[in-house]
**Student:** 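Next up is a structure, given as structure tokens.
We name chains A, B, ... by the order of the sequence lines, and we start the count at 1 in each one. These numbers come from a predicted model, not from an experiment.
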Amino acid sequence: MPNADFRVRVEKIISQLPADKVTTYGDVAALAGSAYASRVVGGIAHYGNPELPWHRLVNRRGGLAVGFPGGPDVQRQLLLQDGIQCIDNKVVNFEDLRWHPNFL
DNA sequence: CGAGTGACCGCAA
DNA sequence: ATTGCGGCCACTC
């Protein structure tokens, strides 16, 4: 029953995400099993465990999530607390800060 | 239980 | 460069 597994995988990946790195919905979705299920990742973020650091998830361009609770400003503040700078709703040095999965 | 929703991604006009 | 559309799949109503 791989239906609920997807959410578990995604949450595990997020929980193992280093504090000083960011990742994309697409990457998480791909690691969880479906490369194009990035929407599901967003959905899980919306309805899933709020304790996980969802603010480290950005879109493919490194931009902040639009539908984030409170708007991109909140996410920018959370990222700043993790030492990640954002300009114009985009992560600075995004390609450099982008998390590289190790457990392939 | 069925249909709709969505914090996205990639490609076609 | 922008706009539009399909697809992915768990979750809510």
**Student:** Touch check for A:Y47, heavy atoms < 4.0 angstrom, all strands: base, sugar-phosphate only, or nothing?
**Tutor:**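 A:Y47: backbone/sugar contact only, no base atoms under 4.0 Å.
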**Student:** Rounded to whole angstrom units, what separation is found between the NE2 atom of A:H46 and the C1' atom of B:dG4?
**Tutor:**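 One finds 14 Å between C1' of B:dG4 and NE2 of A:H46, rounded.
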**Student:** Could you go through the side-chain contact (heavy atoms from CB on, under 4.5 Å) check for A:V40 and A:F6 one step at a time?
**Tutor:** CA-CA 9 Å; A:V40 188; A:F6 196 87; 3.9 Å; yes
**Student:** Within the side chain of A:N93, is there an N or O that forms a donor-acceptor pair under 3.5 Å with the backbone of A:L97?
**Tutor:**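 The answer is no, because no donor-acceptor pair under 3.5 Å joins these two groups.
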**Student:** Check every atom of B:dG10, B:dG6, B:dA7 against the side chain of A:Y36 and return the nucleotide holding the closest atom.
**Tutor:**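 Of the candidates, B:dG10 comes closest.
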**Student:** Using whole Å, what does the distance between atom P of nucleotide B:dA7 and atom CZ of A:R76 come to?
**Tutor:**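 Whole-Å distance recorded here is 19 Å.
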**Student:** For A:L57 and B:dG6, give me the distance from atom CG to atom P, rounded to whole Å.
**Tutor:**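 It is 19 Å, rounded to the nearest whole Å.
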**Student:** Provide, to the nearest angstrom, the distance between the CG atom belonging to A:L79 and the P atom belonging to B:dA7.
**Tutor:**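 These atoms are roughly 18 Å apart.
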**Student:** For A:L78 and B:dA7, what is the distance between atoms CG and C1' respectively, to the nearest whole Å?
**Tutor:**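 Computing the A:L78:CG to B:dA7:C1' distance gives 13 Å.
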**Student:** Looking only at the side chain of A:A45 (C-beta and beyond, no hydrogens), which of the listed nucleotides B:dA7, C:dA10, B:dG10 gets closest?
**Tutor:**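 Shortest atom-to-atom distance from the side chain points to B:dA7.
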**Student:** Take the protein atom CG of A:D5 and the nucleotide atom P of C:dA10, then report the distance between them rounded to whole Å.
**Tutor:**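 A:D5 atom CG is separated from C:dA10 atom P by 9 Å.
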**Student:** Would you give the length of the straight line joining atom OH of A:Y47 to atom CZ of A:R7, rounded to the nearest 0.5 angstrom?
**Tutor:**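 Going from OH on A:Y47 over to CZ on A:R7, the span is 12.5 Å.
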**Student:** Could you tell me how far apart A:I44 (CD1) and C:dA10 (P) are, to the nearest whole angstrom?
**Tutor:**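 These atoms are roughly 8 Å apart.
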**Student:** Using every non-hydrogen atom in the two residues, find where A:D82 and A:R56 come nearest and quote the distance to one decimal.
**Tutor:**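 So the minimum-distance heavy-atom pair works out to OD2-NE, 3.1 Å.
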**Student:** Does any N or O donor sit under 3.5 Å from an N or O acceptor when you compare the side chain of A:S38 with the base of B:dC8?
**Tutor:**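 Donor-acceptor pair under 3.5 Å: yes.
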**Student:** Please confirm whether the shortest side-chain N or O distance from A:R39 to OP1 or OP2 of C:dA10 is below 4.0 Å.
**Tutor:**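 Answer is no, no contact under 4.0 Å.
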**Student:** If you assign A:R61 and A:S34 each to the DNA chain C nucleotide with the nearest heavy atom, which residue ends up on the more 5' nucleotide?
**Tutor:**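 Counting from the 5' end, the first nearest nucleotide belongs to A:R61.
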**Student:** Please state how far atom CZ in A:R9 lies from atom C1' in C:dA10, giving the value in whole angstrom units.
**Tutor:**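 Atom CZ in A:R9 sits about 14 Å away from atom C1' in C:dA10.
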**Student:** Can you tell me if A:Q75 uses its side chain to pair, donor with acceptor, with the backbone of A:L57 under 3.5 Å?
**Tutor:**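 Such a contact is found between A:Q75 side chain and A:L57 backbone.
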